[in-house]
Asker: 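My structure is below; once you've seen it, I'll send some questions.
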Number of protein chains: 2
Amino acid sequence: MAPDRLDATFAALADPTRRAILARLASGQAGVMELAKPFAMSQPAVSKHLKVLEHAGLISRGRDAQRRPCRLEPLPLADASGWLDHYREVWERNFRRLDLLLEEMKAQDTKTKARRTKRPPTKR
Amino acid sequence: MAPDRLDATFAALADPTRRAILARLASGQAGVMELAKPFAMSQPAVSKHLKVLEHAGLISRGRDAQRRPCRLEPLPLADASGWLDHYREVWERNFRRLDLLLEEMKAQDTKTKARRTKRPPTKR
DNA sequence: CACGTGTGTAACCTCAAAGTTGTATAACCA
DNA sequence: TGGTTATACAACTTTGAGGTTACACACGTG
């Protein structure tokens with residue numbers, strides 16, 4: 001799973017227009033005009049979004065006369081999902097191990113020690 | 001789950017430096033200097049990345065003397081993961097229903113019909 | 001108090017993303 | 001053939017992301 005691939009996938013997903021396009025494509029393939037209709041934006045703009053999605057491997061395109069229908073390509077979604085799940089799992093394992101608490105205790109200890117060695121010239 | 005929130009989350013995850021920071025934080029909280037060490041980049045640059053992550057709600061920050069330790073905040077990860085899983089599921093359901101195949105058959109039929117009505121003046 | 005350390009902020013540069021309009025290409029339709 | 005439809009491409013503008021350096025501020029230490 002190349003990092004560049006994840007870069008492209010997450011960057012593609014960061015735009016609400018592109019997520020909406022993917023959502024639409026989840027219910028079947030569609031042409032550019034059909035995809036562009038719901039958006040207050042020109043057709044070239046949508047074509048650019050499609051190019052981004054295609055470059056990220058999230059969609060692929062076919063031919064039907066002068067139309068270039070788009071279809072969803074779920075593998076990059078699976079990769080991204082895998083990355084997220086991996087780190088969520090790691091985090092939860094660490095949370096269960098109470099590493100966080102231990103680190104906070106250590107920090108607290110350091111602070112206390114520091115305060116202790118600093119006390120002498122203060123009020124009293 | 002507001003769309004802006006997903007925007008911020010995915011945008012934050014689109015940068016390899018930030019993903020690496022999150023990976024590091026998965027094994028416990030850390031200060032800015034500690035996080036900056038592995039990267040060929042200045043401390044302010046790392047601070048900017050941390051600001052992005054914090055704004056996306058992916059990390060939160062505490063106080064330990066002059067240090068501002070960062071800790072992973074997994075909820076946005078769960079949201080993003082949920083979005084991905086949802087659309088993967090929808091896509092797979094559609095795939096099982098063979099919608100794709102049906103649409104391709106329909107397209108094929110249209111093309112055939114068109115070719116049929118166009119034939120007359122051609123060879124034969 | 002003076003100093004070093006850890007961080008945040010400001011001003012700046014560069015580049016690419018996201019949109020626009022206008023035009024070209026390609027396939028169907030009359 | 002000429003016209004319409006679906007799409008791509010090119011050139012341009014604006015905005016923001018990601019990096020830099022220089023500097024300010026807060027806090028613990030000698």
Side-chain angles (χ1 to χ4, degrees), chain A residues 4 7-8 10-21 29-37 39-56 59 61-70 107-122, chain B residues 4 7-21 29-37 39-56 59-70 107-122:
Chain A
D4 301 12
D7 285 13
F10 282 126
L13 293 174
D15 188 290
T17 301
R18 287 193 289 261
R19 285 199 307 278
I21 288 175
Q29 49 179 21
V32 177
M33 287 306 178
E34 192 179 348
L35 291 171
K37 195 161 296 177
F39 303 107
M41 125 182 18
S42 64
Q43 166 264 314
V46 173
S47 281
K48 276 198 187 181
H49 282 301
L50 293 176
K51 198 180 235 175
V52 172
L53 290 170
E54 187 178 13
H55 191 254
I59 65 172
R61 318 197 57 179
R63 262 259 177 230
D64 167 27
Q66 66 266 142
R67 300 181 54 212
R68 307 287 312 278
C70 307
Q108 192 64 34
D109 178 55
T110 309
K111 191 158 52 182
T112 308
K113 195 170 57 189
R115 203 182 293 120
R116 204 162 45 225
T117 48
K118 194 201 170 185
R119 278 305 187 197
T122 337
Chain B
D4 301 12
D7 284 13
T9 302
F10 282 127
L13 293 175
D15 188 289
T17 301
R18 287 193 289 262
R19 286 200 308 276
I21 288 175
Q29 48 179 23
V32 177
M33 287 305 179
E34 191 177 350
L35 291 172
K37 195 161 295 176
F39 301 107
M41 138 185 3
S42 64
Q43 167 264 314
V46 173
S47 280
K48 276 198 186 180
H49 282 300
L50 294 176
K51 198 180 237 175
V52 172
L53 289 170
E54 187 179 14
H55 191 254
I59 66 171
S60 63
R61 318 198 57 177
R63 262 264 178 223
D64 169 25
Q66 66 266 137
R67 301 180 54 212
R68 309 287 311 279
C70 308
Q108 191 65 33
D109 178 55
T110 308
K111 191 157 53 182
T112 308
K113 195 170 56 187
R115 204 182 293 120
R116 206 162 43 223
T117 48
K118 193 199 170 187
R119 279 304 183 196
T122 337

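In the text below, chain A, chain B and the rest are named by the order of the sequence lines, each starting its count at 1. Fair warning: this is a prediction, and the values are worked out from it, not measured in the lab.
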Asker: Report the distance from atom CD of B:Q29 to atom P of C:dT7, rounded to the nearest whole Å.
Answerer: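 Atom-to-atom, B:Q29 to C:dT7, this comes out as 12 Å.
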Asker: Could you pull out all residues at least two apart from B:S60 that satisfy side chain to side chain donor-acceptor pair (under 3.5 Å)?
Answerer: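 Expected list: B:E73.
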Asker: Roughly, in whole Å, what's the span from CZ in B:R63 to C1' in D:dC27?
Answerer: 8 Å
Asker: How close do B:R63 and B:A65 get, counting heavy atoms only, and between which atoms?
Answerer: NH1-O, 3.3 Å
Asker: Side chains of residues 9-21 of chain B: which donor-acceptor pairs under 3.5 Å do they make with residues two or more places apart or in other chains?
Answerer:
unit_1: B:T9; atom_1: OG1; unit_2: B:R5; atom_2: O; d: 2.8
unit_1: B:D15; atom_1: OD1; unit_2: B:T17; atom_2: N; d: 2.7
unit_1: B:D15; atom_1: OD1; unit_2: B:T17; atom_2: OG1; d: 3.4
unit_1: B:D15; atom_1: OD1; unit_2: B:R18; atom_2: N; d: 3.3
unit_1: B:R18; atom_1: NE; unit_2: B:A12; atom_2: O; d: 2.8
unit_1: B:R18; atom_1: NH1; unit_2: B:H49; atom_2: ND1; d: 3.1
unit_1: B:R18; atom_1: NH2; unit_2: B:A11; atom_2: O; d: 3.1
unit_1: B:R19; atom_1: NH1; unit_2: A:D7; atom_2: OD1; d: 2.9
unit_1: B:R19; atom_1: NH1; unit_2: B:L13; atom_2: O; d: 2.8
unit_1: B:R19; atom_1: NH2; unit_2: A:P3; atom_2: O; d: 3.2
unit_1: B:R19; atom_1: NH2; unit_2: A:D7; atom_2: OD1; d: 2.6

Asker: Can you list the residues that meet the side chain to side chain contact (heavy atoms under 4.5 Å, CB included) rule with B:Q43, with sequence neighbours excluded?
Answerer: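 For B:Q43 the side chain to side chain contact (heavy atoms under 4.5 Å, CB included) partners, ignoring immediate neighbours, are B:V32, B:M33, B:S47.
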Asker: It should be established whether A:R61 places a side-chain nitrogen or oxygen under 4.0 Å from OP1 or OP2 of nucleotide D:dA8.
Answerer: yes
Asker: Separation of A:R19 atom CZ from C:dA18 atom P, in whole Å?
Answerer: 12 Å
Asker: Rounded to whole angstrom units, what separation is found between the CE atom of B:M33 and the P atom of D:dC27?
Answerer: 17 Å
Asker: Of all residues at least two apart in sequence or in a different chain, which pass the side chain to side chain contact (heavy atoms under 4.5 Å, CB included) check with A:E54?
Answerer: A:I59, A:R61
Asker: Roughly how far apart are B:C70 SG and B:L50 CG, rounded to 0.5 Å?
Answerer: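 If I round to the nearest 0.5 Å, the distance is 4.5 Å.
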Asker: Please state how far atom CD in B:Q66 lies from atom P in C:dG8, giving the value in whole angstrom units.
Answerer: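 B:Q66 atom CD is separated from C:dG8 atom P by 12 Å.
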Asker: For B:E34, which residues count as a side chain to side chain donor-acceptor pair (under 3.5 Å) partner, sequence neighbours excluded?
Answerer: B:R24
Asker: Would you say D:dT5 has OP1 or OP2 under 4.0 Å from some side-chain N or O of A:R67?
Answerer: no
Asker: Using heavy atoms and a sub-4.0 Å distance, could you list which residues of residues 43-53 of chain B are near DNA chain D? By number, please.
Answerer: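 Result for residues 43-53 of chain B: B:P44, B:A45, B:K48, B:H49, sorted by number.
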Asker: Is any side-chain N or O of B:S42 closer than 4.0 Å to OP1 or OP2 of D:dT20?
Answerer: yes
Asker: How many whole angstroms separate atom CG of B:L35 from atom C1' of C:dG8?
Answerer: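 Interatomic distance, CG of B:L35 to C1' of C:dG8: 15 Å.
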Asker: To the nearest Å, give me how far apart CD1 (A:I59) and P (D:dT7) are.
Answerer: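 So the CD1-P distance, A:I59 to D:dT7, works out to 12 Å.
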Asker: Write down the distance between CG (A:D7) and C1' (C:dA17), rounded to a whole number of angstrom.
Answerer: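 These atoms are roughly 15 Å apart.
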